*Asks:* 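I have a structure I would like to understand better, so I am pasting it below and will then ask my questions one at a time.
Values reported hereafter were calculated over all heavy atoms of this structure, with side chains retained and with hydrogens, waters and symmetry mates removed. Quantities reported herein were computed from a predicted structural model and do not represent experimental measurements.
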Amino acid sequence: MPELPEVETVCRELQKSLIGNKFTQIITLRDKIREVIPDLSGLEGAKITAVERRAKYIIINGKLIIHLGMSGTIAIGAPKERKKHDHVVFELSNGEEMVFNDPRRFGLVTLYNDKYFAALAPEPLTPEFNAKYLAKTLKNRKTPIKTAIMDQTLVVGVGNIYASEALFRSRINPTTPANKVKNHALLINNIKQVLEEAIESGGSTLRDYVRSSGNLGYFQHHHNVYGREGKPCIVCKTTIAKITQAGRSSFYCPTCQR
DNA sequence: CAGAAGCCCTGAAGGC
DNA sequence: TGCCTTCAGGGCTTCT
């Protein structure tokens, strides 16, 4: 499912494909996905000059907001037959089209509204997200550290997969109360590292994927603990455990992460 | 106010 | 083979 690295990679691909183009016609194929899809016709005709990412949101020309939810994909290419779960079609001035498809409809296609961004925490890949900030933010939180770093008001973009991976690298048990975590610098560095590595591998993986299918949004990474319950830890061979925290699966090594 | 739980939704996977 | 149940989860709302 798309987390920050996937969204960042999609965003970079969209910059290449969209900037300089215009949306000539925007066709909405369903009333609502996560939210009602508003009238997007006001976006037609303007030259596209900016494609940005904030948290897991994609922002086009400061006006159009796209969120991939957990099953959203964006395809750009020559017009083709509509597929199941195609929700919005953006026809482009170069004759291609950008299609938003999302089976589970957790995604979002809408107009800019500050309510999506007002409460968001710092971006993880900025200097603002540092050990001092983390220490301050975790100080009075008793919630498990895994739940805390997935909180978008603490840091944005870290989803279920990279939360587990960053904690594994930091040798921190996901159930540790947030205010008991000691090595903030280590955790900060590992969060940045797993995200940066994923962006790097995503770039090359996705380019191939786009070439063959035109789809943006999904690609596979190698994970050390995520999805590996019952398998041996890559460090110590202990069986990787799976638990549920705040309704989400967490994966960890009971030996390495104490 | 923090923290947990419920909800939205469909498709894949597993059980019988 | 095929039906049924369970699980997956981002982010919001509701509850305790």
*Asks:* Could you check whether A:K146 and A:N173, counting side-chain N and O atoms only, form a donor-acceptor pair closer than 3.5 Å?
*Replies:* no
*Asks:* Figure out the CD/C1' separation between A:E6 and C:dG9, and round it to whole Å.
*Replies:* 13 Å
*Asks:* Would a line drawn from the ring center of A:Y112 to the ring center of A:F117 be shorter than 6.0 Å?
*Replies:* yes
*Asks:* Can you tell me the distance, in whole Å, between the CD1 atom of A:I58 and the C1' atom of C:dG10?
*Replies:* 14 Å
*Asks:* Check whether any side-chain nitrogen or oxygen of A:S249 sits under 4.0 Å from OP1 or OP2 of C:dG9, and answer yes or no.
*Replies:* yes
*Asks:* Check the distance between C:dG10's P and A:Y57's OH and give it to me in whole angstrom.
*Replies:*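 In whole Å, C:dG10 P and A:Y57 OH are 13 Å from each other.
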*Asks:* Return yes if a side-chain donor-acceptor contact under 3.5 Å exists between A:S250 and A:Q245, otherwise no.
*Replies:* yes
*Asks:* Can you tell me how far P of B:dC9 sits from NE2 of A:H85, to the nearest Å?
*Replies:*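 About 13 Å, once rounded to whole Å.
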*Asks:* Closest approach to the side chain of A:N160, judged atom by atom: which nucleotide of C:dG9, C:dC12, B:dG11 is it?
*Replies:*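 Looking only at heavy atoms from C-beta outward on A:N160, the closest nucleotide is C:dG9.
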*Asks:* Establish, with yes or no, whether the OP1 or OP2 oxygen of C:dG9 is under 4.0 angstrom from a side-chain nitrogen or oxygen of A:Y162.
*Replies:* no
*Asks:* Please list all pairs meeting ring-ring contact (aromatic ring centres under 6.0 Å, His included) that have one or both residues in residues 59-80 of chain A, counting only residues at least two apart or in different chains.
*Replies:*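 As it turns out, the ring-ring contact (aromatic ring centres under 6.0 Å, His included) pairs with a partner in residues 59-80 of chain A, which skip direct neighbours, are A:Y57-A:H67.
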*Asks:* For A:K242, report the nucleic acid contact type (base, sugar-phosphate, nothing); a contact means any heavy atom under 4.0 Å.
*Replies:*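 If one applies the 4.0 Å heavy-atom cut-off, A:K242 turns out to touch the sugar-phosphate alone, with no base involved.
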*Asks:* At how many degrees, to 10°, do the end axes of the helix from B:dA2-C:dT16 to B:dC16-C:dG2 meet when each uses five pairs?
*Replies:*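 Rounded to the nearest 10 degrees, the bend comes out at 50°.
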*Asks:* Where the side chain of A:P103 is concerned, which of B:dT10, C:dG11, C:dC12 is the nearest nucleotide?
*Replies:*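 Nearest to the side chain of A:P103 among the choices is B:dT10.
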*Asks:* Just the rounded figure in Å: distance from C1' of B:dA12 to CE of A:M70.
*Replies:* 11 Å
*Asks:* Working to the nearest 0.5 Å, report the span between SG of A:C253 and NZ of A:K237.
*Replies:*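 Reported value, rounded in 0.5 Å steps: 11.0 Å.
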*Asks:* For A:K22, does the NZ atom have more than 12 heavy-atom neighbours from other residues, nucleotides or ligands under 6.0 Å away?
*Replies:* no
*Asks:* Would you mind reading off the distance between A:K84 atom NZ and B:dA12 atom P, rounded to a whole angstrom?
*Replies:*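 Atom-to-atom, A:K84 to B:dA12, this comes out as 9 Å.
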*Asks:* Determine: side-chain N/O of A:H67 to OP1/OP2 of C:dG11, distance under 4.0 Å, yes or no.
*Replies:* yes
*Asks:* Charged N to carboxylate O under 4.0 angstrom, A:E123 versus A:R53?
*Replies:* yes
*Asks:* Output one letter per nucleotide in nucleotides 1-8 of chain B: B when a protein non-hydrogen atom lies under 4.0 Å from the base, S when only the sugar-phosphate is that close, - when neither is.
*Replies:* --SS---B
*Asks:* Rounded to whole angstroms, how far apart are CD on A:Q245 and P on C:dG9?
*Replies:*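 About 12 Å, once rounded to whole Å.
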*Asks:* Between A:E35 and A:R30, is the closest basic N to carboxylate O distance under 4.0 Å?
*Replies:* no
*Asks:* Are any of the side-chain nitrogens in A:R12 or A:E8 under 4.0 Å away from the carboxylate oxygens of its partner?
*Replies:*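 Salt bridge: yes.
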*Asks:* What is the distance from NZ of A:K83 to P of B:dG11, rounded to the nearest Å?
*Replies:*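 Those two atoms, NZ and P, are 13 Å apart.
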